[in-house]
There are 2 protein chains.
Amino acid sequence: MERQPFVSAANVSERLAQPPALAISTVIFALRPSATSGRPTLWLPLVRRIREPFKGLWALPGGPLAQADSLQDAAARNLADTTGLAPSYLEQLYAFGGLHRSPAQRVVSIVYWAMVQPTEADMALESENVKWFRADGLETLAFDHNQIVDYALWRLRNKMAYGSIAYHLLGEKFTLAQVREVYEAVLDRTVDPANFRRQLKQTAHIEATDEYLQGGKHRPPRLYRYTGTTAEDSPVP
Amino acid sequence: MERQPFVSAANVSERLAQPPALAISTVIFALRPSATSGRPTLWLPLVRRIREPFKGLWALPGGPLAQADSLQDAAARNLADTTGLAPSYLEQLYAFGGLHRSPAQRVVSIVYWAMVQPTEADMALESENVKWFRADGLETLAFDHNQIVDYALWRLRNKMAYGSIAYHLLGEKFTLAQVREVYEAVLDRTVDPANFRRQLKQTAHIEATDEYLQGGKHRPPRLYRYTGTTAEDSPVP
DNA sequence: TCAAAAGTGTTTTCTCTACACCCATGT
DNA sequence: ACATGGGTGTAGAGAAAACACTTTTGA
């Protein structure tokens with residue numbers, strides 16, 4: 001949700017006189033069962049614009065930067081405000097500052113991307129103006145938000161390739177097959193279960209619990225727990 | 001250079017009333033011969049603060065975001081203004097928005113990182129208030145700029161590991177040994193020349209010219225040219 | 001002719017992949 | 001018992017590392 005200025009129509013001189021507005025937006029990913037196949041797929045919540053510009057279109061949750069919040073806090077806050085979600089992973093995605101992203105005033109959006117666990121995601125409040133969408137094949141969104149989502153997806157797939165990101169889409173305890181399903185959903189290809197298991201046990205920071213997931217149709221799989229830190233990469237953020 | 005507000009002293013209520021200022025800064029890397037060994041090492045230009053806060057300390061080149069520029073253009077522009085440089089590579093690094101980065105007003109800095117070729121770097125204007133420093137072992141800089149440089153270095157090394165970034169630090173034509181020297185300088189370890197050569201010819205986008213670098217002490221090495229695109233990674237920026 | 005870097009070839013080692021196989025459970 | 005996913009073992013392909021070796025120049 002880009003902040004709207006005090007003018008209602010675009011005006012070149014006014015536009016140039018105003019400083020660029022600063023907004024925070026968030027791309028929130030969660031795993032939900034596909035409506036058709038039932039297999040887990042990527043979803044994200046969007047909010048409907050209730051005013052111009054782009055009134056009626058769907059957009060990423062967001063808002064202006066509150067004075068008392070760091071960028072990270074601001075992202076977490078209006079994520080909670082609009083969707084009621086608390087992310088298990090939250091990282092800066094990119095700062096979008098093109099001149100014509102918003103028709104009236106110039107807006108610079110600092111965009112974060114988040115991942116929430118399924119239990120959280122189910123509790124997310126849905127309403128007339130807040131709804132979940134499948135991440136692939138989105139309709140046209142407000143502003144440049146389609147591009148932003150595409151970029152977030154690209155980065156998610158990139159991190160997935162050699163990182164321990166998948167765990168943040170799962171609950172506290174999970175089976176290795178569930179991790180594999182996340183990879184397959186996000187990367188959109190099948191993965192050999194045997195080799196995948198080995199890769200995980202070598203590199204990723206997980207530990208076996210002594211619990212097993214009961215209630216399945218077949219041999220109960222062992223449950224694992226993620227032991228890695230949330231920020232296993234960069235030194236600054 | 002963070003933009004200074006109209007107040008001279010920090011004042012809580014004023015601080016909260018003002019919107020956060022938006023600034024652009026740039027970390028510029030170039031290859032220069034080490035003063036001691038003569039081997040190429042990483043350097044970056046800094047500008048001296050001529051006003052409070054942090055008056056007298058060195059800082060990253062930067063300034064406020066001009067209305068008519070995209071973020072990328074703004075970075076390129078004040079890079080040219082302060083150092084006279086035209087980058088061969090320019091990419092967004094991160095948006096830094098901590099609450100207390102600047103003492104008086106809250107400043108959100110969108111930081112870019114750039115690489116310039118040695119011929120360019122030699123033409124860079126140095127003065128009392130603009131000087132080149134070795135990227136490792138920097139003194140204390142203004143604001144949080146030490147952290148920013150560290151993060152830029154981390155990202156540079158990361159990209160170097162499996163990318164075609166090194167070429168942007170070199171001229172149009174280069175020997176394979178020069179590319180290897182860049183890798184060794186940035187990653188700070190030796191690399192087997194034979195294996196390195198093979199890796200490059202497989203993956204990286206370079207083509208052999210029919211020229212050789214004359215004037216060395218030994219067998220003249222063949223010159224190569226970079227043929228890859230500048231943006232071989234993300235879809236958005 | 002010798003030193004040193006350019007460039008090539010070869011062996012060894014490691015990692016990734018494919019796939020055969022056993023295990024444990026619900027039906 | 002048997003079908004099915006959980007879990008282990010292993011042989012082959014391909015990439016990476018280590019290093020011996022030839023080539024070409026300046027001194």
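Every chain is numbered from 1, with letters handed out A, B, ... down the list of sequences.
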* Donor on one side chain, acceptor on other, Arg32(A) and Thr41(A), under 3.5 Å -> no
* Round to a whole Å and report the spacing from CG of Asn195(A) to C1' of dA11(D). => 13 Å
* Between dG9(D) atom C1' and Arg198(A) atom CZ, what is the distance in whole Å? -> 8 Å
* **Non-neighbouring partners of Arg157(A) that pass salt bridge (Lys or Arg N to Asp or Glu O under 4.0 Å), sequence neighbours left out** => none
Please list, pair by pair, any protein nitrogen or oxygen found under 3.5 Å from a nitrogen or oxygen in nucleotides 20-23 of chain D.
| residue | atom | partner | partner atom | Å |
| --- | --- | --- | --- | --- |
| dT23(D) | O2 | Arg219(B) | NH1 | 2.8 |

* Asked: Taking side chain as C-beta onward, heavy atoms only, is Tyr226(A) less than 4.5 Å from Ile206(A)?
  -> yes
* To do: Provide, to the nearest angstrom, the distance between the CG atom belonging to Asp192(A) and the P atom belonging to dG5(D).
  => 15 Å
* Asked: Nearest-Å distance, CZ (Phe196(B)) to C1' (dA17(D))?
  -> 15 Å
* Check whether any side-chain heavy atom of Tyr224(B) lies under 4.5 Å from a side-chain heavy atom of Thr175(B), and answer yes or no. => no
* Structure fact -> Comparing Gln199(A) with Lys217(A), nearest DNA chain C nucleotide closer to 5' gives the residue Gln199(A)
* Just checking, any donor-acceptor pair under 3.5 angstrom between side chains of Glu91(B) and Trp113(B)? -> yes
* **Side-chain H-bond candidate by donor/acceptor type, Arg155(A) with Asn158(A), under 3.5 Å** => no
* Structure fact -> Residue pair Arg180(A)/His218(B) against DNA chain D: nearer the 5' end by closest nucleotide is Arg180(A)
* Consider only side-chain N and O atoms of Gln214(B) and Tyr212(B), and report whether a donor and an acceptor are under 3.5 Å apart. => no
* Structure fact -> Here the distance between atom C1' of dG5(D) and atom CZ of Arg197(A), to the nearest Å, is 11 Å
* **Contact boundaries on DNA chain C for chain A, cut-off under 4.0 Å to non-hydrogen atoms** => dT17(C) to dG26(C)
* Asked: Under a 4.5 Å cut-off applied to non-hydrogen side-chain atoms, are Leu93(A) and Tyr112(A) in contact?
  -> no
